Amino acid sequence: MEKIIEMKRLDCSVCILKSEATKNLSVGELNILNQNCVDVDFKKEEVIFKQDALSSNIIYLQSGMVKLIMDGPQRKQILKIKKAPCYLGLPTTMGDKINHYSAIAIIPTRACFIDLGSFKELLRLNHDFSYEIIVELCKNELEQFHRCINLVQKQIFGRLANNLIQFSEDLFDSDEFDLPLNRNEIANLVCTSRETVSRMLTELSEEKIIKINGKKIKILNKDMLKKLREKG
DNA sequence: GCATTAACCACAG
DNA sequence: CTGTGGTTAATGC
């Protein structure tokens, strides 16, 4: 029995290559991590954690991509798309006992579940580790503030342009990519209707700013797209 | 008034 | 699931 568990244990040193925070861990601390985390593979559309469920894990995304969704009074709202490597659910696990949003894989995703107690222990033990976690949280907060301004003060072309640029620059590092969401979900992300997204995408295509073929998008005129983003 | 923006409905591939 | 057309309400010259 002990042996099987032993075999299933993972080697966190692999992840060290990716996470700014775990780079700082000593051998002993890494051992704590090693013995208190499990990694899981998720298929597209599988739920990684669910709103209103009890949360007792910090989740580290090793690979893949995820959408964060919150049930609002009117409808479900896509809060953000997150790409590995990153931590998931820091605010939802540290902020309350219960998840305030759900995370769903949008492509095959590998995630590491870290026991909350052990994670807190590492925060106490290693200041450099904690520092990196704080940096990640701060970046997240700034991003949210920008997203808020973007949503509230821009019209839909600006909002859509902003999100297309983010897909290209932050998620795919390419001017050509497959949309990870259907039109309805894009509408939800941009806070508009599905029909409006359709119309605007075809319009952007007619203006030769982007090229669309189903979910495939190619940005042809990034300058123009950026102007749209600025103008709102 | 008239124009613009964008949501909602309906219908067709 | 998507794209398009018609309609409608709100807002701003």
Side-chain angles (χ1 to χ4, degrees), chain A residues 41-52 61 63-84 88 99-111 142-232:
Chain A
D41 282 316
F42 292 91
K43 300 190 196 83
K44 187 174 155 61
E45 293 303 317
E46 272 187 325
V47 177
I48 297 174
F49 59 80
K50 196 168 158 42
Q51 182 171 349
D52 298 328
L61 274 196
S63 65
M65 212 178 277
V66 152
K67 55 186 172 187
L68 304 183
I69 299 180
M70 188 182 272
D71 263 326
Q74 311 285 329
R75 58 202 140 76
K76 285 182 190 299
Q77 176 66 47
I78 299 185
L79 302 171
K80 182 175 169 50
I81 308 294
K82 292 212 105 190
K83 180 183 106 164
L88 270 196
N99 292 321
H100 287 210
Y101 52 85
S102 307
I104 299 177
I106 52 182
I107 56 175
T109 294
R110 172 172 279 251
L142 283 179
E143 228 176 87
Q144 290 317 311
F145 290 162
H146 282 292
R147 174 163 156 79
C148 179
I149 294 293
N150 181 59
L151 283 178
V152 172
Q153 299 195 3
K154 287 182 194 167
Q155 296 178 193
I156 295 174
F157 265 119
R159 310 214 291 265
L160 187 61
N162 187 43
N163 277 276
L164 288 176
I165 290 169
Q166 275 183 11
F167 282 147
S168 154
E169 293 185 350
D170 301 340
L171 296 182
F172 299 101
D173 301 313
S174 165
D175 286 345
E176 207 170 353
F177 54 88
D178 282 0
L179 281 175
L181 305 172
N182 64 29
R183 303 292 136 112
N184 218 338
E185 290 174 310
I186 292 177
N188 187 299
L189 186 67
V190 180
C191 298
T192 181
S193 67
R194 181 204 111 236
E195 294 96 320
T196 301
V197 170
S198 267
R199 287 194 181 100
M200 300 214 156
L201 285 178
T202 48
E203 200 166 327
L204 288 175
S205 164
E206 281 163 5
E207 300 288 330
K208 306 275 185 238
I209 294 170
I210 61 172
K211 189 172 162 227
I212 29 176
N213 181 12
K215 292 202 166 175
K216 287 193 189 306
I217 298 257
K218 182 172 187 178
I219 296 178
L220 301 173
N221 188 345
K222 193 166 229 172
D223 288 343
M224 198 58 215
L225 204 56
K226 286 191 171 169
K227 272 184 200 151
L228 277 177
R229 171 176 68 172
E230 302 319 325
K231 273 196 309 187

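First the proteins, then the strands, lettered A, B, ... as listed; each starts at 1. It should be emphasised that the depicted structure is a prediction, and the values quoted were computed from it without experimental measurement.
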**Request:** Apply side-chain hydrogen bond (donor to acceptor under 3.5 Å, both in side chains) to N182(A) and list each qualifying residue two or more places apart in sequence or on a separate chain.
**Result:** none
**Asked** Which two nucleotides bound the region of DNA chain C that has atoms under 4.0 Å from heavy atoms of chain A, read 5' to 3'?
**Response** dC1(C) to dG6(C)
**Request:** Using the test side-chain hydrogen bond (donor to acceptor under 3.5 Å, both in side chains), find all partners of K218(A) that sit at least two apart in sequence or belong to another chain.
**Result:** none
**Request:** Mind calculating the distance between CD (Q155(A)) and P (dA3(B)) to the nearest angstrom?
**Result:** 18 Å
**Item:** 4.5 Å side-chain heavy-atom contact, R147(A) and L189(A)
**Value:** yes
**Asked** Quick one: bend of the helix from dG1(B)-dC13(C) to dG13(B)-dC1(C) from 5 pairs per end, to 10°?
**Response** 0°
**Request:** Please determine if E169(A) and K226(A) form a salt bridge, counting it only when a charged side-chain N lies under 4.0 Å from a carboxylate O.
**Result:** yes
**Message:** Give the residues of residues 200-215 of chain A touching DNA chain C, defined as any heavy atom closer than 4.0 Å, sorted by residue number.
**Reply:** T202(A), K215(A)
**Fill in**
Residue set satisfying side-chain hydrogen bond (donor to acceptor under 3.5 Å, both in side chains) with N162(A), at least two apart, ordered chain then number -> N150(A)
**Prompt:** Counting only non-hydrogen atoms, which of residues 156-167 of chain A are less than 4.0 Å from DNA chain C?
**Reply:** none
**Message:** What's S198(A) touching, base or sugar-phosphate or nothing? Going by heavy atoms closer than 4.0 Å.
**Reply:** base
**Prompt:** Do K222(A) and D175(A) sit within salt-bridge range, that is, some charged N less than 4.0 Å from a carboxylate O?
**Reply:** yes
**Complete:** K82(A) meets the side-chain contact (heavy atoms from CB on, under 4.5 Å) criterion, sequence neighbours left out, with L68(A), K80(A), C86(A), L88(A), E136(A), N140(A)
**Fill in**
Looking only at heavy atoms, the pair that brings I156(A) and T192(A) closest together is CD1-OG1, 3.2 Å
Atom pairs and distances, side-chain donor-acceptor, residues 200-213 of chain A, under 3.5 Å, sequence neighbours left out:
{"unit_1": "T202(A)", "atom_1": "OG1", "unit_2": "S198(A)", "atom_2": "O", "d": "3.1"}
{"unit_1": "T202(A)", "atom_1": "OG1", "unit_2": "R199(A)", "atom_2": "O", "d": "2.8"}

**Prompt:** Under the ring-ring contact (aromatic ring centres under 6.0 Å, His included) rule, what pairs show up with a residue in residues 147-176 of chain A, not counting sequence neighbours?
**Reply:** F172(A)-F177(A)
**Asked** Taking only residues two or more places apart in sequence or in another chain, which ones pass side-chain hydrogen bond (donor to acceptor under 3.5 Å, both in side chains) with N184(A)?
**Response** none
Check nucleotides 9-13 of chain B against the protein and report each pair of N or O atoms closer than 3.5 Å, with its distance, or say if there are none.
{"unit_1": "dC9(B)", "atom_1": "N4", "unit_2": "E195(A)", "atom_2": "OE2", "d": "3.0"}

